2 protein chains.
Amino acid sequence: MDEPWRGVPTISQVAQAAGVSRATVSRAFTRPQMLSQETVSRVKSVAARLGYVPNQVARALSTGRHGNIALIVPDVANPFFPPLIRGAQARADLAGACLFLGSSDENADREDTLVAKFTGQVEGVILVSSRLDEERIRHHAGRVPIVLINRDVTGLPRVLIDTSVGISAAVDHLAEFGHRRICYVAGPAASWSNQQRRKAMRAAMRRRGLEMVAVTAQRASFEAGRDIVAALLGTGATAAIAFDDVTAQGILVALAERRIAVPERFSVIGCDDVLGATTFPPLTTVSARCDEAGEVALDLLGDVTRLKAMREIRYVLDTHLVVRGSAGTVPAAR
Amino acid sequence: MDEPWRGVPTISQVAQAAGVSRATVSRAFTRPQMLSQETVSRVKSVAARLGYVPNQVARALSTGRHGNIALIVPDVANPFFPPLIRGAQARADLAGACLFLGSSDENADREDTLVAKFTGQVEGVILVSSRLDEERIRHHAGRVPIVLINRDVTGLPRVLIDTSVGISAAVDHLAEFGHRRICYVAGPAASWSNQQRRKAMRAAMRRRGLEMVAVTAQRASFEAGRDIVAALLGTGATAAIAFDDVTAQGILVALAERRIAVPERFSVIGCDDVLGATTFPPLTTVSARCDEAGEVALDLLGDVTRLKAMREIRYVLDTHLVVRGSAGTVPAAR
DNA sequence: GCATTCTCTGCAACCGGTTGCGTGTCAAGA
DNA sequence: TCTTGACACGCAACCGGTTGCAGAGAATGC
């Protein structure tokens, strides 16, 4: 009587209760057009009464398709990734898929382990800003469909955020304010984004005939940005473009601590547009459309798994400058 | 010959190649002590050569145990949740489990759908700051083990962050600086945390014989915090304790825009300690230990599923004040 | 009125593992 | 020599769905 068991009804119980075979119940949910209207509705009402819901695991085993997708990011806590996750999530919902999340803590070995653990449980994996070497990425790509974000590996589908346009606009913006010597605050050397941004900035500066200097923050973090400020000021630059917004935020705070007004005495531009206007002054930055990157990657993964064809796909999102209040006229005298 | 198929070998292929039965291969991985040393090593070496890795889905179907856990949060992009996610993730790793992530966008219906979708694919669900009504939570709890974070439903295992100690300390801190009239900037009315914080603050103020006023931000966000500042200043308070750090950050920025120095002319204290020292001035706040909450919830879920006993568990984490630089002496004159 | 086609449903195999039970082997004990 | 029992392994059923194939009626064509 008093069954204290979490009873999730199975297809057999529904079949028995409805007086049909298991196959019919299955089809009532997956191919209703194969059945008569009447049978479908009867089965469905019985199923609803019993609270039946198809077991995804069993379904996955027999069909080979469980709409699950894994998303692996270097660090959930980095504000760059949540919007991306949210974008992917939204698309996954539309496709009726569930999202596995993995956070590698910027550690290649952990990332490796995660991919291996997810493989076999998901239909595809999205690797964001992967820290893995090409060989290992290719190895995994041989066992499960993979889509890369912010990593450019030939032959694999990938979505890249091309910040060069935005960076170029940022340089123009600063140049118009009269800045002649601008500093690039670099991020992790292994990061594809960092290399790309540095290159874009160098090109834009040369085109304008301006003088580029650079300092390197050991990692992309608020603390790194704050710690780099002494070196940054030592370069004699009047403005800085930082690898990402978080670093820029660190710079902003360190400048405030030194009572150096932004943008009156120093201009700062970030990258990624993940902080919105939450800083003071509100950060002028290069939008990175990370949410879109998540969406596109998920759609791409859908195409890849559906078509079974691993075409050479290289989806590039461009960027633009978001002008807020952290860049301004160059100080008259130094 | 040229098999272009992603060939993941099955247990049968390994069995054949090793000249044993499927059962033996299975046991070589799950119960090696049942087999002779020699057989185990032979099977394992064959498996390694073929690149065999047990299919988790099949395993889950037959055992009923797939170490997967779902975590549902209202909003990935709210900085309160990433540390929590990270904490849960770390514990899941230790347990060899994978994490499903769901983001409900603060929407109860979406949350409902998500739970339903995850149920049957996971061994347990962790609901963070759930927007669901009690009835629906109990309904789901009847189908899958559930652990709640920041939600107090009798009879269900839950971990609560008790900010009352921290809030009380915050009030003391402000009182020592001479503040007599302090404003509580409230968050979402439906939020358990908000109710609890408000109550704690009222009690602390009364105990000290201070005057509490309150304003309500319609939602917990940076914008809401910024928009509430006019009302906040209108109350005549000299200090504010905000529902959370993000709101406090909005207040900070709005005050900066009005050239009202913090903490010289106005003191602000946040809640949750999710921003670290990234604001200017660095935010004095009540630590919420959200990472720990994630860890504890996961451990709890492990206990619940392992012991099959749904004991009445109410795990309370206490908090303390983190003093940084956004609170100070009350301005002499108004 | 009979052959043919179409519609609807059931049978049974299958997905890739796990596990209770049974059997064969071999050494120790009586 | 004959139990007895431990040990190592295989057989076969099972988890909960899906799906190719076949068969039973009903509808259609001639």
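Just so it is clear, the values below take in all heavy atoms, side chains as well, and ignore hydrogens, waters and symmetry mates. Every value quoted in this text rests on a predicted model; they were computed, and no experiment measured them. Letters A, B, ... mirror the listed sequences (proteins, then strands); counts begin at 1.
Between B/R65 atom CZ and D/dC15 atom C1' there is a gap of 12 Å when expressed in whole angstrom units. In this structure, the NE2 atom of A/H66 is 12 Å from the P atom of C/dG16, given to the nearest Å. Atom CD in B/Q16 sits about 16 Å away from atom C1' in D/dG10, given to the nearest Å. Computed from coordinates, the A/R59 CZ to C/dG16 P distance equals 18 Å when rounded to whole Å. Between the CG atom of A/L61 and the C1' atom of D/dT18 there is a distance of 10 Å, given to the nearest Å.
Of the possible polar contacts, none joining the A/D105 side chain to the A/N107 backbone as a donor-acceptor pair under 3.5 Å is found. Between the A/R151 side chain and the A/S130 main chain, a donor and an acceptor come within less than 3.5 Å of each other. A donor-acceptor pair is defined here as one N or O able to donate and one able to accept, closer than 3.5 Å; no such pair exists between the side chain of A/R143 and the backbone of A/A141.
For A/F118, the ring pair (Phe, Tyr, Trp, His ring centres under 6.0 Å) criterion is met by A/F100, not counting sequence neighbours. Partners of A/E123 by salt bridge (Lys or Arg N to Asp or Glu O under 4.0 Å), not counting sequence neighbours: none found. Legend: residues meeting salt bridge (Lys or Arg N to Asp or Glu O under 4.0 Å) with B/D109, ordered by chain and number and at least two apart, are B/R136. With sequence neighbours excluded, no residue satisfies side-chain hydrogen bond (donor to acceptor under 3.5 Å, both in side chains) with B/S103.
Backbone-only engagement by B/T63 is indicated by non-hydrogen atom pairs under 4.0 Å involving sugar-phosphate atoms exclusively. Within the nucleic acid shown, B/R31 comes within 4.0 Å of sugar-phosphate atoms alone, with no base atom in reach, counting heavy atoms only. At a threshold of 4.0 angstrom between heavy atoms, the contacts of A/T10 are confined to the sugar-phosphate backbone, with no base atom among them.
Near DNA chain D, defined here as any heavy-atom distance below 4.0 Å, there are no residues from residues 51-58 of chain B. Less than 4.0 Å separates DNA chain D from no heavy atom of any residue of residues 113-125 of chain B.
With a 6.0 Å radius and a threshold of 12 heavy atoms from other residues, nucleotides or ligands, A/Q16 has its CD atom at or below the threshold.
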Please enumerate all protein N or O atoms sitting under 3.5 Å from an N or O of nucleotides 7-9 of chain D, with distances to 0.1 Å.
residue : atom : partner : partner atom : Å
D/dC9   : OP1  : B/S36   : OG           : 3.4
D/dC9   : OP1  : B/T39   : OG1          : 2.2
D/dC9   : OP2  : B/S36   : N            : 2.9
D/dC9   : OP2  : B/S36   : OG           : 3.4
D/dC9   : OP2  : B/T39   : OG1          : 3.0

Could you go over nucleotides 24-27 of chain D and give all protein N or O partners under 3.5 Å, atom names and distances?
none

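When the options B/D299, B/I149, B/V316 are evaluated for a side-chain contact (heavy atoms from CB on, under 4.5 Å) with B/V159, the one that passes is B/I149.
In this structure, A/E292 does not pair ionically with A/R91, as no charged nitrogen and carboxylate oxygen lie closer than 4.0 Å. Of the charged side-chain nitrogens involved, none lies within less than 4.0 Å of a carboxylate oxygen, so that A/R86 and A/D291 do not count as a salt-bridged pair.
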Under 3.5 Å, sequence neighbours excluded: what are the donor-acceptor pairs made by side chains of residues 44-52 of chain B?
residue : atom : partner : partner atom : Å
B/S45   : OG   : B/R42   : O            : 3.0

I'd like a table of donor-acceptor pairs (distance under 3.5 Å, sequence neighbours excluded) in which one partner is a side-chain atom from residues 26-37 of chain B, with atom names and distances.
residue : atom : partner : partner atom : Å
B/T30   : OG1  : B/S26   : O            : 3.0
B/S36   : OG   : B/T39   : N            : 3.2
B/S36   : OG   : B/T39   : OG1          : 2.7

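With the end axes of the helix from C/dG1-D/dC30 to C/dA30-D/dT1 each set by five pairs, the angle from one to the other reads 50° at 10° resolution.
Residue A/S26 has a polar side-chain atom (N or O) positioned under 4.0 Å from OP1 or OP2 of D/dT18.
For residues 53-73 of chain B, the side-chain hydrogen bond (donor to acceptor under 3.5 Å, both in side chains) pairs, not counting sequence neighbours, are A/Q121-B/N68.
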